[in-house]
**Q** 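Quick one: structure below, then a few questions.
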Protein chains: 2
Amino acid sequence: MQKLTSQRQAILNLINASNRHWDADEVARALVDTGASIGIATVYRGLSALESQGLIDSIQLADKKRYERAGKAHHDHMICTSCGRIEEFSHDTIESLQEAAAEKKGFKLTGHQLVMFGFCRKCTQELDA
Amino acid sequence: MQKLTSQRQAILNLINASNRHWDADEVARALVDTGASIGIATVYRGLSALESQGLIDSIQLADKKRYERAGKAHHDHMICTSCGRIEEFSHDTIESLQEAAAEKKGFKLTGHQLVMFGFCRKCTQELDA
DNA sequence: AAGATAATGATAACTGTTATCATTACATCC
DNA sequence: GGATGTAATGATAACAGTTATCATTATCTT
């Protein structure tokens with residue numbers, strides 16, 4: 001049985017309280033900043049426990065995993081490679097086309113990840129200027 | 001100026017000669033098996049040099065990068081989480097819907113990566129049996 | 001309160017990858 | 001064809017993110 005300890009509660013609260021996409025280090029830092037005492041290993045364990053309980057979601061980026069609060073509608077991510085900004089978007093048609101493509105190959109889909117890279121509006125303007 | 005040394009030539013030949021998706025370690029192992037002498041650092045450098053010259057392509061998976069031969073039409077990947085099999089697929093409509101979605105957010109797209117996870121036909125049958 | 005189970009925290013270990021640096025191969029110009 | 005500059009090599013150290021270890025502590029039953 002999983003236990004919802006005070007450390008995990010703190011992680012969950014932190015993530016629930018924002019729209020950010022947190023990595024493990026940021027979570028640890030933020031909690032320590034609020035005066036809490038939590039080890040980095042506990043953060044990692046807490047994050048994956050919370051995810052497996054469905055209490056938070058994650059995206060796996062090239063270098064690290066980032067966590068966000070759960071309960072949002074399914075969405076994918078668009079990442080600005082200049083400033084790191086992460087935008088969310090969803091597109092039902094894309095989703096169902098994916099399903100169809102998988103089926104055609106005989107794949108039983110369990111998940112997918114679509115990440116788009118580019119320059120956000122702000123960075124595009126700055127680069128043009 | 002980049003040089004196409006014998007080591008890089010060997011890497012390129014290896015990758016060109018198959019449809020596999022190779023990670024750095026597999027490349028090193030395969031070359032050493034053929035009697036070649038190549039250091040792992042050289043493999044890493046060779047792979048990224050070849051990629052930046054457009055001679056090979058790559059996909060970034062959660063844990064590692066995998067390389068495949070270039071010159072194929074653009075495609076995305078479907079990975080069987082049971083046996084590791086990687087299937088390729090492409091879908092023009094999905095591509096253009098992605099473009100449209102990016103534009104709506106003001107993003108100037110430079111790339112994307114769509115990876116789908118699931119069970120391939122063979123593994124699905126085995127699991128059902 | 002006792003006993004069982006799970007979480008914690010410090011740290012070692014591990015994986016994939018990049019950096020360092022002395023040595024070697026390559027190309028080019030005279 | 002030998003000197004010279006440039007880039008690649010290979011062994012290994014270093015690095016980032018993450019997981020494993022293990023003794024200690026907290027938590028949940030009953």
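From a predicted model like this one, the values you see are computed outputs, not experimental measurements. Each chain gets a letter, A, B and so on, in the order the sequences are listed, and its residues count up from 1.
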**Q** Mind calculating the distance between CD1 (Ile38(B)) and P (dA25(C)) to the nearest angstrom?
**A** 15 Å
**Q** Restricting to pairs with a member in residues 94-122 of chain B, which pass salt bridge (charged side-chain N to carboxylate O under 4.0 Å, His left out), not counting sequence neighbours?
**A** Glu87(A)-Lys105(B), Lys122(B)-Glu126(B)
**Q** By ring pair (Phe, Tyr, Trp, His ring centres under 6.0 Å), which residues pair with His91(A), not counting sequence neighbours?
**A** none
**Q** Among all residues two or more places apart in sequence or in another chain, which pass the side chain to side chain donor-acceptor pair (under 3.5 Å) test with Asp57(A)?
**A** none
**Q** How would you list, by chain and number, every residue that makes a side chain to side chain donor-acceptor pair (under 3.5 Å) with Glu68(B), sequence neighbours excluded?
**A** His21(B), Lys72(B), His75(B), His77(B)
**Q** Rounding to an integer number of Å, can you tell me how far Ile11(B) CD1 sits from dG10(D) C1'?
**A** 13 Å
**Q** Output the distance between atom OH (Tyr67(B)) and atom CG (Leu47(B)), rounded to the nearest 0.5 Å.
**A** 5.0 Å
**Q** For Ser18(A), check side chain to side chain donor-acceptor pair (under 3.5 Å) against everything at least two apart and list the hits.
**A** Trp22(A)
**Q** Which heavy atom of Phe119(B) sits nearest to which heavy atom of Ser82(B), and what is that distance?
**A** CD2-CB, 3.7 Å
**Q** What is the distance, rounded to the nearest whole Å, between atom CG of Leu61(A) and atom C1' of dT17(C)?
**A** 17 Å
**Q** Starting at the 5' end of DNA chain C, what dot-bracket string do you get if Watson-Crick and G-U pairs under 3.5 Å are bracketed, crossing pairs use [ ], other-strand pairs use | and unpaired bases use dots?
**A** ||||||||||||||||||||||||||||||
**Q** Could you give the CD-to-C1' distance, from Gln9(A) to dA26(D), as a whole number of Å?
**A** 15 Å
**Q** How many angstroms lie between CG in Asp23(A) and CG in Asp63(A), if you round to the nearest 0.5 Å?
**A** 8.5 Å
**Q** Once rounded to the nearest 0.5 Å, what's the spacing between atom CD1 of Ile15(B) and atom CD1 of Ile56(B)?
**A** 4.0 Å
**Q** What integer distance in Å separates Trp22(B):CH2 from dG16(C):C1'?
**A** 18 Å
**Q** Please list, one pair per line, the donor and acceptor atoms closer than 3.5 Å that link side chains of residues 29-38 of chain A to other protein atoms, with sequence neighbours excluded.
**A**
from: Arg29(A); atom 1: NH2; to: Asp25(A); atom 2: OD2; distance (Å): 2.5
from: Thr34(A); atom 1: OG1; to: Leu31(A); atom 2: O; distance (Å): 2.7

**Q** Tell me, for nucleotides 12-23 of chain D in 5' to 3' order, what letter each nucleotide earns: B for a base near a protein heavy atom under 4.0 Å, S for only sugar-phosphate near one, - for neither?
**A** B----SBBBB--
**Q** Just jot down the side chain to side chain donor-acceptor pair (under 3.5 Å) partners of Gln60(B), sequence neighbours excluded, or say none.
**A** none
**Q** Going by heavy atoms closer than 4.0 Å, what residues in residues 28-37 of chain B are next to DNA chain C?
**A** none
**Q** Could you check whether any side-chain heavy atom of Asp76(B) comes within less than 4.5 Å of a side-chain heavy atom of Leu114(A), counting everything from C-beta outward?
**A** no
**Q** Between protein and nucleic acid, restricted to nucleotides 27-30 of chain D and to nitrogen or oxygen atoms under 3.5 Å apart, what atom pairs and distances do you find?
**A**
from: dT27(D); atom 1: O2; to: Lys3(A); atom 2: NZ; distance (Å): 3.2

**Q** Only pairs at least two apart or in different chains count here, so list each salt bridge (charged side-chain N to carboxylate O under 4.0 Å, His left out) that has a residue in residues 40-51 of chain B.
**A** Glu51(B)-Lys65(B)
